[in-house]
Number of protein chains: 2
Amino acid sequence: MTPKVRNGLLRLIPDDELSRVMDVCEQVRLAPRQVLHHYMLPMEHVYFVESGLVSVAAKVGREKFVEVWLIGSEGLVGAPVILAARGVPLHRRTVQLTGDAWRIRTAEFCELLESLPHLRSVVERYLAVVLAQTSQSGACNSYHSLKQRLARWLLIAQNATGEDEVSLTHGVLAELLGVRRASVTECLEVLQRDGTVVTRRGSVKIQDAAELSKLSCDCFRLIEREYRRHLLPALDTGSRQRSPVSLLAPVGTGEPALVGREPKRPSG
Amino acid sequence: MTPKVRNGLLRLIPDDELSRVMDVCEQVRLAPRQVLHHYMLPMEHVYFVESGLVSVAAKVGREKFVEVWLIGSEGLVGAPVILAARGVPLHRRTVQLTGDAWRIRTAEFCELLESLPHLRSVVERYLAVVLAQTSQSGACNSYHSLKQRLARWLLIAQNATGEDEVSLTHGVLAELLGVRRASVTECLEVLQRDGTVVTRRGSVKIQDAAELSKLSCDCFRLIEREYRRHLLPALDTGSRQRSPVSLLAPVGTGEPALVGREPKRPSG
DNA sequence: CAGAGAAGGTACGGTAGCGTACATAGGCAG
DNA sequence: CTGCCTATGTACGCTACCGTACCTTCTCTG
């Protein structure tokens, strides 16, 4: 019997593998502010998120953390364990929005990865998305305005949770974005005036996602596209992606395209 | 016969695997401004860097890219191919400092990964470092001053290349850091006045790494430590890391540490 | 329903880094 | 040696965001 799962990654693996995974899962509740992985402490479990939102943050000063990626029901908290890097995370993973998750002891999960090729493939591809998300938001942080970044964050959160409303205070949002609480307040006001969001005490609701998307930088769309590119072909069985298991298929087109120096560069 | 390699990753794998790798390698010269992987075009090859410096940049606007991580002689250009994500990179990889590299066709490399467990393990651990570097610098970009970031960048470059001097113009440095060229000029001036660097036309030389490290944020040290943590145990054969091949060993201590909500949180 | 505590609004001066622009100075090609 | 191109120095006003502080408003608890 395979329990119903909502987690986007678990839904990508075939039933036989899924039931093997579920056998060692336990369901847990994610409570806001709960720290799933402390900075530099062993990761006891990994979590397939069913609902809610978990943020991963890097340390940038004494007790100061900035978010570097986000995990919702499409993701796995602790994915980097597949990189032989398990045991001690560089980041702190904190529940931001209440939800549920399936939890597996890290060691057991790693064993499963050895014997369940689809699971491994899915997690690998998810990790590619994590890398994309992290690097894109990192770059974004240094280039785009707070308004754009806030819009991006809200859209990513919407994507990750499937909910239009995030129950977070301005203060928490500020922490996640690495800015002042007052800046968030001001910025949300602007967004609200634009009609893209509605704020209530302790929550922000996306009113007009399309418009919000216009206000945000492209980074959101790039990240979303990466997610689709890596994790939807398994459903489409389409495009260039071969079976999720085999890692042997040739790649690309074999075109000449042998690197070339750029002659001048227009602006820079 | 195993040719001498300087690349930090290749040096970590045993001779029998190394020679398998070298069999399919060709040596190439890395020329400044050469683009190894174009944005959204298939990655034909991966490159084990022997010397020089390659920067990986994310797109943040029309023809505008910001660096998200750096690769020197300790690294591999194209490491994310191990994530079943190969074919099309989200990033642009550009040679910044002249050097040499061993090049392998991506497809061949992926085949090797299947049969050479040490190689796979090393690349996996390297990718963990890449993720750490990327997320840390992303967070850093939003928190720390240009002076700190510039110092960090120079130190990372020094680490990656093993050279004290980087032959880059202020303009290029500015691009990489995602700031104005004039800001870099001003900032370098300050660093030079502090006696930590010496600038010549088209190059910056680290004069006093220790002092520069003090001026930089901790991010540099965190990244460096991650590198050591993931990629040196294989040499030490020490600490918690088991054989680089087996992925089965248990992790951590089994301590209780079952997550708990934080009661109050003092400031931020 | 009262009071405390948390969340949100607002304000003020401060500053890092911006966009732009222009002048100078290495250094290479002829 | 000369001219040209690229790299660097420098200046100017500008803006987004900062740190701090203080007040108001909501909401929960008792």
Side-chain angles (χ1 to χ4, degrees), chain A residues 32-33 60-62 64 66 96 139-153 165-193 197-205 215 217 261-268, chain B residues 32-33 60-62 64 66 96 140-151 153 165-193 197-205 215 217 261-268:
Chain A
R33 319 308 297 163
V60 288
R62 289 198 61 70
K64 204 76 172 136
V66 181
Q96 298 298 348
C140 179
N141 282 343
S142 57
Y143 249 85
H144 298 126
S145 71
L146 178 54
K147 184 174 176 183
Q148 290 177 304
R149 283 183 287 146
L150 182 53
R152 162 174 68 80
W153 195 96
E165 188 156 9
V166 290
S167 294
L168 289 178
T169 65
H170 300 181
V172 173
L173 275 169
E175 258 179 66
L176 296 175
L177 291 163
V179 298
R180 237 181 9 146
R181 194 227 74 210
S183 300
V184 169
T185 301
E186 289 161 11
C187 203
L188 278 173
E189 195 124 342
V190 175
L191 288 178
Q192 184 154 13
R193 208 168 300 140
V197 304
V198 176
T199 68
R200 291 189 305 108
R201 184 187 178 83
S203 106
V204 180
K205 184 171 165 192
L215 293 179
C217 43
R261 358 192 148 182
E262 299 191 353
K264 196 162 260 182
R265 308 180 57 255
S267 73
Chain B
R33 318 307 299 163
V60 288
R62 288 199 61 69
K64 204 75 169 137
V66 182
Q96 298 299 348
C140 179
N141 282 344
S142 58
Y143 249 84
H144 297 125
S145 71
L146 177 54
K147 185 175 174 183
Q148 291 177 304
R149 284 184 287 145
L150 182 52
W153 196 96
E165 187 156 8
V166 290
S167 293
L168 290 178
T169 66
H170 300 181
V172 173
L173 275 168
E175 260 180 65
L176 295 175
L177 291 163
V179 299
R180 235 181 12 145
R181 194 228 76 212
S183 300
V184 169
T185 302
E186 289 162 12
C187 203
L188 277 174
E189 196 123 343
V190 175
L191 289 178
Q192 184 154 14
R193 210 168 297 139
V197 304
V198 176
T199 67
R200 290 189 306 109
R201 185 189 176 83
S203 107
V204 181
K205 184 171 163 191
L215 293 179
C217 42
R261 359 192 148 183
E262 299 190 353
K264 194 161 259 186
R265 309 179 59 253
S267 72

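A note on names: the letters A, B, ... follow the listed sequences, proteins ahead of strands, and every chain is numbered from 1.
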request  = Inspect the contact between A/Glu175 and A/Arg33 and indicate whether a charged nitrogen and a carboxylate oxygen are less than 4.0 angstrom apart.
outcome  = yes

request  = Check the pair A/Val204 / A/Leu168 against side-chain contact (heavy atoms from CB on, under 4.5 Å), numbers first and verdict last.
outcome  = CA-CA 7 Å; A/Val204 180; A/Leu168 289 178; over 6 Å; no

request  = Report yes if the side chains of A/Arg152 and A/Cys140 come closer than 4.5 Å at any heavy-atom pair, otherwise no.
outcome  =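 Heavy-atom side-chain distance check passes, below 4.5 Å.
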
message = Could you tell me how far apart A/Leu168 (CG) and C/dA6 (P) are, to the nearest whole angstrom?
response = 17 Å

task = Using atom CG of B/Leu173 as one end and atom P of D/dA7 as the other, report the distance to the nearest whole Å.
result = 12 Å

ask   = Who are the side chain to side chain donor-acceptor pair (under 3.5 Å) partners of B/Glu189, not counting sequence neighbours?
value =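 Scan of B/Glu189 (side chain to side chain donor-acceptor pair (under 3.5 Å), adjacent residues dropped) gives none.
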
inquiry  = Restricting to side chain to side chain donor-acceptor pair (under 3.5 Å), what partner residues turn up for A/Arg201, sequence neighbours left out?
reply    =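 So A/Arg201 forms no side chain to side chain donor-acceptor pair (under 3.5 Å) with any residue.
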
inquiry  = Is it the case that over 12 heavy atoms from other parts of the model lie below 6.0 angstrom from the NZ atom of A/Lys147?
reply    =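 More than 12 within 6.0 Å, yes.
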
query = Does A/His170 make a side-chain N or O approach to OP1 or OP2 of C/dA7 shorter than 4.0 Å?
reply = no

Contacts of B/Arg200 that satisfy salt bridge (charged side-chain N to carboxylate O under 4.0 Å, His left out) - sequence neighbours left out =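 B/Glu165.
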
request  = Could you run through nucleotides 12-24 of chain D and give me one letter per nucleotide, 5' to 3': B if any protein heavy atom sits under 4.0 Å from the base, S if only the sugar-phosphate is that close, - if neither?
outcome  = -----SBBB----

ask   = Which letters describe nucleotides 25-30 of chain D, given B = protein heavy atom under 4.0 Å from base, S = only from sugar-phosphate, - = neither?
value = BBS---

message = So if I take the C1' atoms of five pairs at each end of the helix from C/dC1-D/dG30 to C/dG30-D/dC1 and get each local axis, what angle do the two axes make, rounded to 10 degrees?
response = 40°

